[in-house]
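All remarks here apply to the structure that follows.
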Amino acid sequence: MSLSSRSSLIATIILLLLAVSALFALDRYGKSRRSWGAYGPLGSPQAAIRLTGRPEEAVAVWKDARCRGRLVLYVSGRWPSFVPGERLSEELYRDYPLRLYNTARRFEAEALDSTTFLYVAALDGIARGIVAVLPEEELARQREAARTSKDGRVDSRGVYLPREGYPRWFTTASLLAPPSEPVLLYVGASYFVKGDPDTLYRQLSAAGVRSDLVILCREEGGTATAREAERLERFARLAGFQGGGDKTMGGTP
């Protein structure tokens, strides 16, 4: 082997080692940015329960708990779709001379609602990915969207459909794969328009769902009615709500 070839080989090996080291460093950094407390399966004391009236109240709950870099398991009867650019005033995009903004803070102040709260959680660094558990008809809509997306993927467990690089998975409770880590569980009352609380509890438990913080939302102002609110409370009892302490079912936290 010539001297130049040997030098090229050594340089290549060094670059590979640097690349591997960078990947390990990024992985360690990413894991260090995740935070969760004591966690356990549904029904355990570690899976603390909070009740909210509206979905957007979840952001304040997650912030108070100092959640960072988490996987959100979102269970609801609908997927909140919107176009981010249409939810803020034009000055954010058209100001000249250029003015700098904290996009997350600005979006939260001006556009936080029941449709945008998951997006705000992503901007704030609370959620680094979302797994949405939806009724079959909602999942079918995501399948159609994935077929026309260059980044979408459909398999036997559901749909992977990222948005601007942000990871999002869509599935049903019966197809849910076991999460690889403790999740921030959100269960909205609209899921029980057709879903059954006992069945959902069994399915989430069978999937090995573990959590340190469970938000149960009445989703007021949406499609949920008193009937669905009663089913949500049934799910709360199955998930370990007994009243008092950190588990509150009487009102918003």
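Only heavy atoms go into these numbers, but all of them, side chains included; no hydrogens, no water, no symmetry mates. Here, residue 1 is the first one in the sequence, and each next residue gets the next number.
Using a 4.5 Å heavy-atom cutoff, the side chains of Ser44 and Tyr39 are not in contact. In this structure, Cys217 and Phe117 have side chains that are not in contact, with every pair of non-hydrogen atoms separated by 4.5 Å or more. Proximity of Ile215 to Leu184: side-chain heavy atoms (C-beta onward) are nowhere separated by under 4.5 Å. Taking 4.5 Å as the limit, every side-chain heavy atom of Glu230 sits out of range of all side-chain heavy atoms of Glu233. Trp62 places none of its side-chain heavy atoms less than 4.5 Å from the side chain of Asp124. Within the 4.5 Å cutoff, side-chain heavy atoms of Ile130 are placed close to those of Tyr166. Using a 4.5 Å cut-off on side-chain heavy atoms (C-beta onward), Pro179 and Val131 make no contact. In this structure, Leu134 and Thr171 have side chains that are not in contact, with every pair of non-hydrogen atoms separated by 4.5 Å or more.
Ring planes of Phe235 and Tyr201: perpendicular class, angle over 60° (limits at 30 and 60°).
Taking every heavy atom of both residues into account, Thr115 and Ser81 meet most closely at CG2-O, 3.7 Å. Taking every heavy atom of both residues into account, Ser190 and Gly77 meet most closely at OG-N, 2.9 Å. The minimum heavy-atom distance between Ala189 and Ala224, with the atom names listed, is CB-CB, 3.8 Å. A pairwise comparison of heavy atoms in Leu213 and Cys67 identifies CD2-SG, 4.2 Å as the closest pair. Of all heavy-atom pairs between Val133 and Ala173, the closest is CG1-N, 3.4 Å. Minimum interatomic distance between Leu71 and Arg128 (heavy atoms only, all atoms of both residues): N-NH1, 3.9 Å.
Thr116 places a side-chain N or O within donor-acceptor distance of the main-chain N or O of Ala111, the cut-off being under 3.5 Å. Checked by atom type and distance alone, the side chain of Ser211 pairs as donor or acceptor with a backbone atom of Val183 at under 3.5 Å. Put simply, the side chain of Glu136 never gets that close to the backbone of Thr172: no donor and acceptor are under 3.5 Å apart.
The pair Arg70-Asp212 counts as a salt bridge, with a side-chain nitrogen and a carboxylate oxygen less than 4.0 angstrom apart. Taking a cutoff of 4.0 Å between a charged side-chain nitrogen and a carboxylate oxygen, Glu219 and Arg78 do not qualify as a salt bridge. Between Glu228 and Arg231 there is no salt bridge, since no side-chain N of the basic residue sits under 4.0 Å from a carboxylate O of the acidic one. By the 4.0 Å N-to-carboxylate-O rule, Glu144 lies close enough to Arg147 to be salt-bridged with it.
Partners of Tyr119 by ring-ring contact (aromatic ring centres under 6.0 Å, His included), not counting sequence neighbours, listed by chain and number: Phe82, Phe107. Residues forming a salt bridge (charged side-chain N to carboxylate O under 4.0 Å, His left out) with Glu220 (at least two apart in sequence, or on another chain): Arg218.
Remark: Asp151 CG to Arg168 CZ distance equals 10.5 Å, nearest 0.5 Å. Note: Leu118 CG to Trp79 CH2 = 5.5 Å, rounded to the nearest 0.5 Å. With rounding to the nearest 0.5 angstrom, the CG atom of Leu238 is 9.5 Å from the CG atom of Leu200. Atoms OG and CZ, from Ser180 and Arg210 in turn, are 8.0 Å apart once rounded to the nearest 0.5 Å. Between atom CH2 of residue Trp169 and atom CZ of residue Arg153 there is a gap of 9.0 Å, rounded to the nearest 0.5 Å. Here Gln203 contributes atom CD and Asp198 contributes atom CG; the two are 11.0 Å apart, rounded to the nearest 0.5 Å.
For Glu164, the CD atom sits in a loose shell: 12 or fewer heavy atoms of surrounding residues, nucleotides or ligands are nearer than 6.0 Å.
No chain of hydrophobic side-chain contacts below 4.5 Å, direct or via other Ile, Leu, Val, Met, Phe, Trp or Tyr residues, connects Val187 to Val193. Connection of Val154 to Leu175 is not established within any shared hydrophobic cluster, with ILVMFWY side chains joined at heavy-atom distances below 4.5 Å, either directly or through further cluster members.
Leu185 pairs in a side-chain contact (heavy atoms from CB on, under 4.5 Å) with only one of the listed residues (Ile49, Val72, Leu73), which is Leu73.
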